Amino acid sequence: MGSITLRKEVQEQLERIKTADILIGIPSYNNARTIGHVVRAVHAGIAKYFPDKKAVLVNSDGGSIDGTIELVNRTAIEDFQSILLHHRIEPFFKISTPYIGIPGKGSAFRSIFEIAAALDVKACAVVDSDLRSITPEWVELLVKPVIENGFDYVAPLYHRHKYDGTITNSIVYPLTRALYGKSVRQPIGGDFGFSGSLAKFYLTKDVWNTDIARYGIDIWMTTEAIANNFKIAQSFLGAKIHDPKDPGSDLSAMLAQVTGSAFGLMEAYRDAWKQVKGSEAVPTFGFQYMVGLEHVKVDVNRMLTLFREGVKGLREIWLSVLGAGDLGEVEALANRPDREFRFPLQLWTRIVYDYALAYHKRRLPLEHLLKSLTPLYLGKTASFVMEVEDMGQEEAEEEIEKLCREFEQNKEHLINNWT
Amino acid sequence: MDDFLQLILEPMKEVFSKFKEFTPNILAAMTILLVGILVARIMKAVLLRFLRAIKFDSWSDRMGLTVVMRKGDLWAKPSIAVGSIVFWLLLIVSLLTGLSALKIHAIDNLVALFFLYLPRAFSAVLILVFGYIIAGFIGRAVLIRAVNSGYHYAKLLAEAVRLLLTVLILAMALEQLRVAPGIVVAAFSIIFGGIVLALAVSFGVGGIDAARRMIEKKEEERGEDKKDIEHI
Amino acid sequence: MGDFYQTGVITTLHSLGKPSLERLETELRQFSSVRPVALVLPALYSEFEGPAMPKIVEELAKVKYLKEIVLVLDKASEKEFRKAKEFMSPITCDVKIVHNDGKRIGEIYDTLTRNGLDVGQRGKGRSAWLAYGYVIGRGQSDVIALHDCDIVTYSREMLARLCYPIVNPNLDYVFCKGFYSRVTDRLHGRVTRLMMTPLVRSVQQLIGPHRFLLFLDSFRYPLAGEFCMITDMARVNRIPWDWGLEVGSLAEVYRNYSPRRVCQVDIAMTYEHKHQALSAEDPDKGLMKMTIDICKSIFRTLASEGTTFSDGFFKSLAVTYLRNAEDTITKYEADAAINGLVFDRHEEAKAVEAFTRGIGMAAQAFMENPMGTPLIPNWSRVTSAIPGILDMLKKAVDEDNK
């Protein structure tokens, strides 16, 4: 299996490099505008924090046509002095290669894992190629816990606007925490550190031709690491500022992909999550500081409208998934005036679990099922936005903590009905 | 006198000999029918036992097949319903086979026609079944898409699409069965066209204002720097 | 008339002053437009030939605040089913009769059984449970009221008072049980007076205060078959299908809801329904079975809350119970005396003896098989296992009633 996906020129490079201590992977697709900065940050980070280690940068590209690959190869740090480097620098290798496999981040990662395995690296990290807020410190924060503290998986911890990342905040984080018992705050962060042995473990799984490879790779990596009892940590990286995602991108599709991946993984690990009760904190590295964040506009009215339209149009589907009792509560909720609209946490918890159950029982074509969650999700998001409007960051975080506890307390509902 | 007797006896002898000719055929037909009934009964019993062993009824309950039967006011157990269908099919086949043993030309033709028709009937059933499933699938997909886009008449649109597809499927099935094909085509065109026309008119008339507002809004939005929350 | 003492941990709604039926029914009509009410009547066909049913139908015909009535008819042929339908015709609201012995409902029971859902034997519990399913499936009623069909002194005031605490949206009750005195020329209600209450108090003496026992003891007539609840409860509660029905239902209410939202209401001056023969020997008949099932229900609930039972416990229980029951007889003797009621001490003592034996048998049965009589699975569980079951049930009942 191993070297089939690597091109011949890459294999030649690998033979030259032989082994390495650290590997930093950057998956890319038409990111010529931003990838230069990322590469420079990585290079500086390695030079500053791991000067005595042999490092490799791998750019796994999805067939860019804007010169991303060439740019990576050209980028170097112009002025070493300004990044405060005093030590002798070990050789730093760059491999930039298009990956083979179905299009998507997963295939990019697979190439990265394979190179990591081939070079028998001790620690790896992957970062997004459109990061504008990446600094050399990110390299240290993601790699050091692996190299020095023996952790296998380092998840990112960002300081985000209280309104951002609502899919994570209202579904993925509470669900993953309740299922697998670890409080990984950003399970689909996008920037991770992991050990060489974890990379090899990932390669043993045959998911590279499934939807996981297309868009579920982040949640998959996190879940696999937790469910297989690898040592987990998280590192505070500061703000995550990347290129704004295309506003035309379909929220419904995104939501379906993320939840579909999470629910799909529940099938494979049902023995693991059925045993877990409660959750525990995960060791956190990095100095947590407040970051000034841009104000974010939210169109709550539109969300509420879409929620109410959903209540009208998707009633039959929701009846078969949620049952008459919860549907009745949702309908009652839709009739509340906007100012009093508050989505009860317990109701939302049961909704997410009911969707997981419906996914498991294949009651409907899966894509239809997952997309029908969108209006409910928008209702929850609108409610959250209105609830935390006057709250600070920490208070808003406490609301999310309440939701997580609700997920943990209601886990029985999921377990009892999972047949 | 002899001639007269001959005149009477001749036709009777003919009838008698025709009867003698025909009797074995009738006996053969009846035997085939009886054997057919026996075979059908045995097959039904075997099938029922098999279905019971694989817990077909339970499966049907959970898959929703039983609900469909009940909605049609059919209260037999699903396995028994399947058994009955198989029984009657086998019975019909043996009946037809028996009829062909009579070696009556006209009946032979009918039987041949029947067997030729079976594949058409079968494919018509398939069209209906798959068509029903596909119409439901597409209707639901349209509904979800429309709702998630905030379209106010999402349900109406989805129902219209489902109706259109159902009309299409029915027409296709009828065409397979060669039931008055000319009329079916004409009726289908009228209905289908009518629905499409009605949709277009209602959308056009009712939607003029909405369309104008949507276009104006899009122009506005392109002007503003709209930053929404990042869901991911 | 009684007092205004609040018993125990639940709310007691007394009959105070001169409550007006007119006012009650007017308010109910108003409230029921927002919280529609379904009335469930478990009935045997023989009751249609009894003295109570005509009065009940007559009264119900005057009730204007019910959304639907679901009568579950047991032990009736097709002809008798039609006759029952005819009998109910004076009632104007939507009346549906569930023909338990009919082909369609039979298929429904079969469907449940073959999917591993044990709904128990024929009886009031199973009938009520099926009716709940129909009401849930229709999705039209928020409140379910239930009473028997052998109440000879039925009046619609009883129904009104039963429904009121639940239907009134300003009161936050989810469950309401009726209580009454069963007195003619003598005291009736032996099982409650002489078995249930002394038993509950004896168990409390032995194991100390227990919240469930406090809850149970708060009810003035825990074995009353008249109650009213929100439909959600019918979805979630698992009820026993044997005689432990009433106690088991109370146990489920206790398990799933806070006692603050539970109440009992005084529903009648006199109340009369059929009497069970006290068959002292045969454990399967009459009050003996009732005793055993009720005791098992109590033991099971306590066990599920963590109480451990032993042979020693049951021995002590027998003795304690006997003492308490004898004391109770003395109390009621005085009560009967002052009210000029007939009181046969010997009969009462015989009953207590029989109950003691019953408790012993229940204890034995419980120790041998603590899981005992399984509860009917709740409707949430059933619809999860067979998604279309409510549609099937609806269709069956609707077709039967065409």
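All values derive from a computational prediction rather than experimental measurement. Note on naming: letters A, B, ... go to the chains in the order of the sequence lines (proteins, then strands), and numbering restarts at 1 for each one.
- The contact between A:Ser372 and chain B is made by backbone and side chain atoms together, counting heavy-atom distances below 4.5 Å.
- Listed for the B:Asn148 side chain is a donor-acceptor partner under 3.5 Å among the backbone atoms of A:Lys371.
- Interface remark: B:Phe137 contributes backbone and side-chain atoms alike to the contact with chain A (heavy atom separation under 4.5 Å).
- Shown here is B:Met69, whose CE atom has more than 12 heavy atoms of other residues, nucleotides or ligands within 6.0 Å.
- Other residues, nucleotides and ligands place no more than 12 heavy atoms under 6.0 Å from the CD1 atom of B:Ile183.
- For B:Phe122, the CZ atom counts as loosely surrounded, since its 6.0 Å shell holds 12 or fewer non-hydrogen atoms of other residues, nucleotides or ligands.
- Residue contact with chain B, scored on non-hydrogen atoms closer than 4.5 Å, involves the side chain of A:Val258 exclusively.
- Using a 4.5 Å cut-off between heavy atoms, A:Phe307 does not touch chain B at all.
- For B:Ala154, no part lies under 4.5 angstrom from a heavy atom of chain A.
- For A:Glu397, the CD atom counts as densely surrounded, since its 6.0 Å shell holds more than 12 non-hydrogen atoms of other residues, nucleotides or ligands.
- Smallest separation of non-hydrogen atoms from A:Arg302 and B:Ser149: NH2-O, 3.6 Å.
- Interface remark: A:Arg308 contributes no atoms to any contact with chain B (heavy atom separation under 4.5 Å).
- When B:Met63, B:Lys155, B:Arg140, B:Arg62 are compared by the number of non-hydrogen pairs under 4.5 Å with chain A, B:Arg140 comes out ahead.
- Summarising the local packing, CZ of B:Phe115 is surrounded by more than 12 heavy atoms from other residues, nucleotides or ligands at distances under 6.0 Å.
- Listed by sequence position, A:Lys312, A:Gly313, A:Leu314, A:Glu316, A:Ile317 are the residues of residues 312-320 of chain A in contact with chain B, using a 4.5 angstrom heavy-atom cutoff.
- With a 4.5 angstrom heavy-atom cutoff, A:Thr381 touches chain B only via side-chain atoms.
- Closest approach of B:Val147 to A:Gly310, counting heavy atoms only: CG1-CA, 3.5 Å.
- A:Glu399 CD: more than 12 foreign heavy atoms inside a 6.0 Å radius.
- Enclosure of atom CZ in A:Arg342 by more than 12 non-hydrogen atoms of other residues, nucleotides or ligands within 6.0 angstrom is indicated.
- Contact between B:Gly150 and A:Glu309 at its shortest, heavy atoms only, is O-CG, 4.4 Å.
- More than 12 heavy atoms of other residues, nucleotides or ligands lie within 6.0 Å of CE in A:Met391, so this atom counts as buried by the packing criterion.
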